[in-house]
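Below: the structure, in structure tokens.
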Amino acid sequence: MESYTCMSVLYAPTLKEDPVDAEIASHRLLTRGAMIRKVAAGVYSFLPLGSIVLRKIEDIVRDEMNAVGSQEILMPALQPSELWHESGRWDDYGPELMRLSDRHDRGFCLGPTHEELVTSIMRNELRSYRELPKSVFQIQVKFRDEIRPRFGLLRGREFIMKDAYSFHSSQESLQEHYDDMARAYGNICVRCGLEYRPVEADSGQIGGKVTIEFMALADAGEAELVYCDCGFASNTEVAQGKACPTGYLADHQEKIHTPGVSTIAALAAFLNVDESATVKALVGIDENESPYLLFVPGDHEVNEIKISHVVKGFRLADDAELTRFGLVKGYIGPVGIPEGIHCIADESLKSLERWVVGANEPDYHLVGARLGEDFEILEWADLITAQSGDRCPDCGAPLRIARGIEVSQVFQLGEKYSRAMNATYTDESGEDRPFLMGCYGVGVSRTMAAIVEQHNDENGMIWPISVCPGEVIVIPLSVGDATVFPAAETIASELAARGIQTVLDDRDERAGVKFADADLIGWPYQIICGKRGVTEGVAEIKDRATGEKISVPIDEVVAKAIELVIEAHAALGNLIEE
RNA sequence: CGGGAUGUGGCGCAGUUUGGUAGCGCGCUGCGUUCGGGACGCAGAGGCCGCAGGUUCAAAUCCUGUCAUCCCGACCA
């Protein structure tokens with residue numbers, strides 16, 4: 001029979017003070033609430049309570065994977081370098097790949113992801129189109145030597161990930177499984193109690209709309225997204241927001257003296273116009289060291305990911321290179337540019353008739369420079385990072401901006417790995433063809449942090465019932481009392497017997513300590529047994545999320561608590577286990 | 001990788017300027033009083049002052065090196 005857990009036995013060293021190195025709520029509270037402990041930068045241990053939560057998230061993920069027909073496997077974290085040489089990523093992945101050698105000096109890495117490994121498994125024994133499609137997943141530790149690990153579990157160097165991979169013989173089959181996975185990922189977010197948005201994201205080299213990121217909305221998130229009520233949502237890295245440059249009313253091009261005005265902010269202030277009236281110029285260099293001049297609306301930032309899709313090997317030029325190209329820092333414009341410099345302007349500037357730009361000589365700008373007369377732009381592209389107020393590409397309404405935590409991503413890989421690693425199957429006509437692949441990742445430990453980011457208050461964490469470290473904590477306020485403690489024990493054991501995950505705070509602590517710990521750790525329901533109440537035959541049930549306390553006759557407390565727990569599960573779409 | 005900062009009992013910090021052999025709060029142990037929102041009193045335990053060199057009669061303190069951790073940046077002319 002199920003039993004309850006005693007706080008006196010549980011290893012849950014809560015902290016009274018905030019850890020100094022924790023900047024965000026999840027890091028702070030997970031540490032204080034005895035869920036995690038830091039081992040090294042970006043490396044954490046999970047204590048018993050954290051471990052319970054982690055396992056519950058994993059089980060939700062596992063359940064959703066099984067539901068879409070993916071099969072659980074377990075691959076090694078330690079991977080031979082040969083596989084990575086085959087795919088080309090030994091050289092491409094960069095210093096984020098944790099590399100090591102064995103005693104024979106053979107190269108290995110600790111897997112940051114498992115495309116190579118899973119492809120090498122499948123290519124040997126998955127031979128016929130008749131056996132396709134196949135989908136497998138694992139829940140496992142991943143290693144990435146991040147430039148700068150930070151924010152506790154949000155960006156670690158070692159973290160827990162669910163990664164799934166699918167193999168197909170047709171685009172239709174891949175698309176179908178990809179759609180199933182995307183639905184499953186939405187379910188995972190809902191069941192974990194996360195407010196999220198599926199967003200368009202960078203699809204890397206492959207192009208096309210073949211990836212979706214699932215973002216948990218949170219100010220602490222490292223990613224930025226723009227979204228619209230019409231349902232559009234996109235990572236600002238790729239968002240096709242439409243900027244609205246305002247331009248400058250002038251009949252003719254006019255050269256004006258602007259001494260010392262070398263930034264957009266200063267220029268806008270000098271002319272007493274909005275920054276959106278100006279045009280910002282940037283100088284870049286491609287992989288052949290050829291110079292490029294880029295023009296974007298003054299109130300927008302350029303987006304290197306987008307530019308790199310237009311200009312191969314793009315990087316910004318430094319001051320010395322600027323001078324070498326004959327350009328004047330702070331006063332660059334499209335009129336009278338030196339020979340041999342290729343110009344590209346952001347598409348939003350196409351409709352802008354009169355530009356405010358640098359005059360290509362020190363301390364002078366041009367206002368009212370006329371596109372098509374005073375200068376020409378031959379190439380147009382989307383170069384800017386979307387921002388709040390830009391127009392939705394789907395419906396034209398102003399976009400709003402939010403921050404998010406990327407908790408998961410689905411991706412159509414196509415033949416990228418199967419081709420590089422010669423992983424083929426035999427099709428109906430007897431020909432060998434590379435697999436079409438998809439990969440699908442969930443940051444499990446990151447999801448745990450994201451949940452805390454969304455569910456906390458000044459007293460601590462507030463776990464959704466689906467992922468809580470225990471559904472009910474029973475708190476006898478005086479352990480030594482001959483009526484209170486036995487009453488609490490009875491409640492706890494009856495709850496446990498009915499399948500409710502129950503903790504009994506049997507510590508000989510003062511009421512304040514127990515309340516503070518219960519709120520900090522964030523059990524969804526607290527059953528409080530005090531001397532006065534028990535004598536009168538009642539106990540209290542406190543809802544951690546709302547703070548509401550209700551008084552319930554002692555002989556009805558168990559039934560009431562079970563009712564609340566079941567309701568809470570139902571609200572998240574999770575079925576309670578018997 | 002560049003800039004900034006910090007390493008002192010389990011945790012959070014002071015002490016470093018002006019070298020003299022380590023202190024405070026929390027926690028921990030014991031006893032007593034308390035007991036519905038992080039109690040109080042008394043008595044205790046616990047520290048190669050990140051590590052390695054150097055200067056000095058003497059180093060937590062000064063110098064050099066090194067390691068670790070945190071913050072900012074690593075595109076926005």
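All chains are named by letter (A, B, ...) in the order of the sequence lines, taking the proteins before the strands, and each is independently numbered beginning at 1. Quick caveat, the model's predicted, so the values are computed rather than measured.
With a 4.5 Å cut-off on side-chain heavy atoms, A/Ile341 and A/Leu327 count as touching.
Base pairing of B/rA59 is not made with any nucleotide, judged by Watson-Crick or G-U wobble geometry with both donor-acceptor distances under 3.5 Å. Partner assigned to B/rC42 is B/rG30, using Watson-Crick or G-U wobble distances below 3.5 angstrom. Remark: B/rC49 base-pairs with no nucleotide; criterion is Watson-Crick or G-U wobble with both hydrogen-bond distances under 3.5 Å. Taking a pair to require two hydrogen-bonding distances under 3.5 Å in either a Watson-Crick or a G-U wobble arrangement, B/rC70 pairs with B/rG4. The nucleotide B/rG23 finds its pairing partner in B/rC13, both defining distances of the Watson-Crick or G-U wobble pair being shorter than 3.5 Å.
Within the structure, every side-chain polar atom (N or O) of A/Lys514 is placed at least 4.0 Å from both OP1 and OP2 of B/rC35. Put simply, A/Arg510 has a side-chain N or O that comes within less than 4.0 Å of OP1 or OP2 on B/rA39.
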message: Output one letter per nucleotide in nucleotides 2-15 of chain B: B when a protein non-hydrogen atom lies under 4.0 Å from the base, S when only the sugar-phosphate is that close, - when neither is.
response: ----------SS--

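If you take atom C1' in B/rU55 and the same atom in B/rC62, they sit 8 Å apart, rounded to whole Å. Comparing the P positions of B/rA45 and B/rU6 gives a spacing of 33 Å, expressed to the nearest Å. With P as the reference atom, B/rU8 and B/rC70 are 14 Å apart, rounded to whole Å. Nucleotides B/rG30 and B/rU16 are separated by 37 Å at their C1' atoms, to the nearest Å. Atom C1' of B/rU21 sits at a distance of 10 Å from the matching atom of B/rA60, rounded to the whole Å. The gap from the C1' atom of B/rG9 to that of B/rG15 amounts to 15 Å, rounded to the nearest Å. If you take atom P in B/rG23 and the same atom in B/rC48, they sit 14 Å apart, rounded to whole Å.
Considering only residues two or more places apart in sequence or on other chains, A/Asp382 meets the salt bridge (Lys or Arg N to Asp or Glu O under 4.0 Å) condition with A/Lys306.
With B/rG38, B/rA77, B/rC71 as the choices, the nucleotide that has an atom nearest any side-chain atom of A/Val283 turns out to be B/rA77. Minimum atom distance to the side chain of A/Ile147 is reached by B/rG73, of the listed B/rG38, B/rG37, B/rG73. For A/Asp517, the side-chain atoms get nearest to B/rG38 when compared with the rest of B/rG37, B/rG38, B/rA77. Candidate nucleotides B/rG36, B/rU69, B/rA77 were compared by shortest atom distance to the side chain of A/Glu540, and B/rG36 ranks first.
Taking the nucleotide of RNA chain B with the nearest heavy atom to each of A/Gly512 and A/Tyr331, the more 5' of the two is matched to A/Gly512.
Distance CZ (A/Phe515) to P (B/rG38): 10 Å, rounded to an integer number of Å.
A side-chain hydrogen bond (donor to acceptor under 3.5 Å, both in side chains) with A/Ser8 is found for exactly one of A/Asp505, A/Asp508, A/Asp506, namely A/Asp506. Put simply, the residue from A/Leu349, A/Asn303, A/Asp299, A/Asp346 that forms a side chain to side chain contact (heavy atoms under 4.5 Å, CB included) with A/Ile384 is A/Asp346.
Counting any heavy atom pair closer than 4.0 Å across all strands shown, A/Leu477 reaches a base atom.
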